[in-house]
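All values below were derived from every heavy atom in this structure, side-chain atoms included, with hydrogens, water molecules and symmetry-related copies excluded. The structure displayed is predicted, hence computed values, not measured ones.
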Amino acid sequence: MRLHRNLVYTTIDALNAIFNEGEYADKVVARSLKKDKRWGSSDRKFVAETIYEIVRWKRLYAEIAEVKEPFDRDNLWRMFSVWAVLRGYPIPDWRQLEGTPERKIKGRFDELSKVRALKESIPDWMDELGVKELGEKVWATEITAQNQPAKVILRVNTLKTTREALRAILMDLNIETETLKNQPDALVLKERANVFLTDAFKQGFFEVQDANSQLVAAFLDVKPGMRVVDTCAGAGGKTLHIASLMENKGQLIAMDLYESKLKQLKIRAKRDGAFNIEYRIIDSTKIIKKLHEKADRVLIDAPCSGLGVLKRNPDAKWKLKPEFIDNIRKVQSEVLESYSKIVKPGGKLVYATCSILPSENQEQIARFLTTDIGQQFNFVKDQKILASESGFDGFYMALLERKEAVEKPAKAEKVAKAEKVEES
């Protein structure tokens with residue numbers, strides 16, 4: 001087990017882009033993996049996992065290395081040396097790693113790990129917020145779970161294949177998978193692999209989607225032939241799942257504020273063979289008003305803090321700010337009141353987030369049900385999912401049903417009432 005100079009240099013460059021230039025980790029990792037075509041799978045695995053690990057533990061490693069932001073390249077090398085020592089790598093005699101204090105690093109790790117915000121490598125405000133909303137015990141367990149690397153989960157595209165057929169195809173490629181109980185479309189990779197390079201992916205046999213994210217479309221209770229609206233479709237992971245559950249029958253309207261995201265969805269839908277999707281950019285309130293009381297099912301996959309998916313997006317710990325969460329709660333309230341009007345009487349609505357904070361979830365639903373439009377809905381059920389309990393992403397989803405419209409009195413009843421008024 002030894003360090004290779006070209007792989008480590010790539011890692012340092014990537015960390016500089018993420019920490020100092022504000023780039024997103026997933027984009028930087030994807031770019032880094034294309035740097036050298038000669039790299040084998042173990043080389044790419046080292047680069048990807050090392051970048052994510054140092055991003056995940058940024059605060060802890062910076063404290064151990066005694067460096068502060070903005071990090072210059074010497075600082076990044078010192079943080080890398082902390083990672084290498086704690087992972088048990090022999091330190092090579094490179095100029096950048098000269099004088100690495102291995103005993104001091106291990107000692108500072110033991111000392112700093114006594115403070116949860118440092119041990120779990122999160123901002124102080126996030127630790128305080130987690131305790132406030134979830135309580136000491138639940139938050140401590142949950143943030144530990146959120147610091148575990150995310151597993152790779154596939155969602156079988158049932159428009160094109162079956163779970164058993166896909167498992168066999170992947171097995172031929174030496175990619176082993178496991179099934180999940182009560183998750184008919186999910187497959188968990190036993191070991192990480194670049195599944196995007198497979199012909200099975202290019203032919204649209206599967207999408208990569210967290211196991212708990214796959215629960216949302218099923219929660220919406222869609223049926224073939226319905227009119228369904230996904231109001232915050234984004235690049236369409238849940239939209240495509242809904243299309244498969246609808247068996248391409250009926251009308252599925254995918255809406256979003258950003259045209260670029262819907263363009264990505266169109267590409268994915270073509271690959272997946274999902275052809276019952278219509279695309280609408282929300283560029284005015286007219287788009288929403290035209291759909292008032294027209295949909296059998298509406299999904300509001302609301303913008304949120306993303307505190308349920310930190311294991312998948314560790315750099316969110318550093319990009320997220322308290323004021324963003326305050327603002328996003330207001331946005332959640334607004335989209336609930338606005339988009340819920342699309343549901344027709346007797347139709348159903350699902351409000352979902354990838355957050356674990358009650359203020360973004362249960363409290364939003366409770367507040368909504370007191371509004372004028374909210375009083376037209378009945379609460380059916382909800383589900384809160386913690387990473388510490390499920391092993392996958394943290395999610396929340398609530399199912400509401402719009403009350404049937406009150407029928408107007410028949411003409412004869414109106415006449416009778418009018419006559420009574422005249423007599424009196």
Side-chain angles (χ1 to χ4, degrees), residues 216-217 219-223 225-243 245-246 250-266 268-269 274 276-305 324 327-355 360-361 363-380 382 396-406:
V216 177
F219 207 71
L220 192 57
D221 187 32
V222 298
K223 300 285 192 299
M226 285 183 169
R227 173 181 279 179
V228 181
V229 180
D230 185 350
T231 59
C232 308
K238 297 178 184 70
T239 314
L240 295 171
H241 194 188
I242 292 170
L245 294 175
M246 294 176 72
Q251 181 187 32
L252 175 53
I253 300 172
M255 307 173 71
D256 204 86
L257 294 170
Y258 303 102
E259 185 178 9
S260 59
K261 291 185 177 181
L262 292 181
K263 283 182 178 178
Q264 292 178 51
L265 172 52
K266 285 182 183 180
R268 296 173 72 184
N276 68 329
I277 305 174
E278 296 180 17
Y279 307 89
R280 298 187 191 175
I281 302 163
I282 306 173
D283 52 10
S284 73
T285 56
K286 292 180 182 177
I287 302 296
I288 306 297
K289 287 179 179 176
K290 285 180 181 178
L291 287 170
H292 278 187
E293 300 192 9
K294 298 281 177 43
D296 299 290
R297 300 286 186 271
V298 170
L299 172 61
I300 302 177
D301 185 19
C304 68
S305 64
F324 174 85
N327 291 331
I328 211 67
R329 291 190 192 105
K330 296 172 187 172
V331 173
Q332 290 163 352
S333 296
E334 290 166 3
V335 298
L336 251 175
E337 289 192 46
S338 177
Y339 298 165
S340 59
K341 294 172 184 174
I342 296 173
V343 184
K344 71 181 187 183
K348 294 179 180 179
L349 162 73
V350 164
Y351 170 84
T353 76
C354 54
S355 173
E360 295 184 76
N361 299 329
E363 291 173 24
Q364 285 288 10
I365 293 299
R367 187 212 57 80
F368 169 70
L369 291 172
T370 66
T371 64
D372 290 342
I373 179 65
Q375 289 177 36
Q376 297 178 35
F377 284 82
N378 287 319
F379 174 83
V380 180
D382 68 355
Y396 175 79
M397 57 199 87
L399 178 65
L400 308 177
E401 186 170 20
R402 191 162 188 178
K403 299 171 184 176
E404 294 284 358
V406 179

Under the side chain to side chain contact (heavy atoms under 4.5 Å, CB included) rule, collect the residues that match up with [X], sequence neighbours excluded.
| X | result |
| --- | --- |
| Glu337 | Arg367, Phe368, Thr371, Ile373 |
| Cys354 | Cys304, Val309, Phe395 |
| Asn276 | Ala243, Met246, Asn248, Leu252 |

Quick check for you: to the nearest 0.5 Å, what is the distance between [X] atom [atom1] and [Y] atom [atom2]?
| X | Y | atom1 | atom2 | result |
| --- | --- | --- | --- | --- |
| Ser305 | Asn327 | OG | CG | 12.5 Å |
| Gln375 | Thr370 | CD | OG1 | 7.0 Å |
| Glu401 | Phe377 | CD | CZ | 9.5 Å |
| Lys223 | Asp296 | NZ | CG | 10.5 Å |
| Ser284 | Lys290 | OG | NZ | 7.5 Å |
| His292 | Ser338 | NE2 | OG | 6.0 Å |

request  = Carefully, step by step, assess Thr239 and Leu265 under the rule side chain to side chain contact (heavy atoms under 4.5 Å, CB included).
outcome  = CA-CA 9 Å; Thr239 314; Leu265 172 52; 4.1 Å; yes

Do you know the tightest heavy-atom contact between [X] and [Y]?
| X | Y | result |
| --- | --- | --- |
| Val229 | Ala295 | CG2-CB, 3.8 Å |
| Ser340 | Ile300 | N-CD1, 4.3 Å |
| Tyr339 | Ile282 | OH-CD1, 3.4 Å |
| Gln364 | Ser333 | OE1-OG, 2.9 Å |
| Ala235 | Arg268 | O-NH1, 2.9 Å |
| Ala233 | Asp256 | N-OD1, 3.6 Å |

Any chance [atom1] of [X] has more than 12 other-residue heavy atoms, nucleotides or ligands included, within less than 6.0 Å?
| X | atom1 | result |
| --- | --- | --- |
| Glu259 | CD | no |
| Tyr258 | OH | no |
| Asp372 | CG | no |

Is the closest side-chain heavy-atom distance between [X] and [Y] below 4.5 Å?
| X | Y | result |
| --- | --- | --- |
| Leu299 | Ile242 | yes |
| Ile288 | Met255 | yes |
| Leu399 | Phe219 | yes |
| Asp382 | Ile365 | no |
| Leu349 | Leu336 | yes |
| Leu245 | His241 | yes |
| Val216 | Asp301 | no |
| Ile287 | Asp283 | yes |

query = Does a salt bridge link Asp230 with Lys238, judged by any charged N lying under 4.0 Å from a carboxylate O?
reply = no

query = Quick check: does any side chain N or O of Glu360 sit under 3.5 Å from a backbone N or O of Arg329, one acting as donor and the other as acceptor?
reply = no

query = Which residue, Val228, Ile253, Ile342, Leu220, forms the side chain to side chain contact (heavy atoms under 4.5 Å, CB included) with Val298?
reply =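 Between Val298 and the candidates, side chain to side chain contact (heavy atoms under 4.5 Å, CB included) is satisfied uniquely by Ile342.
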
key: Test log, rule side chain to side chain contact (heavy atoms under 4.5 Å, CB included), inputs Val343 and Lys348   = CA-CA 7 Å; Val343 184; Lys348 294 179 180 179; 5.8 Å; no

task = Check each of Arg402, Arg227, Lys403 against Glu293 using the salt bridge (charged side-chain N to carboxylate O under 4.0 Å, His left out) test, and report the only one that passes.
result = Arg402

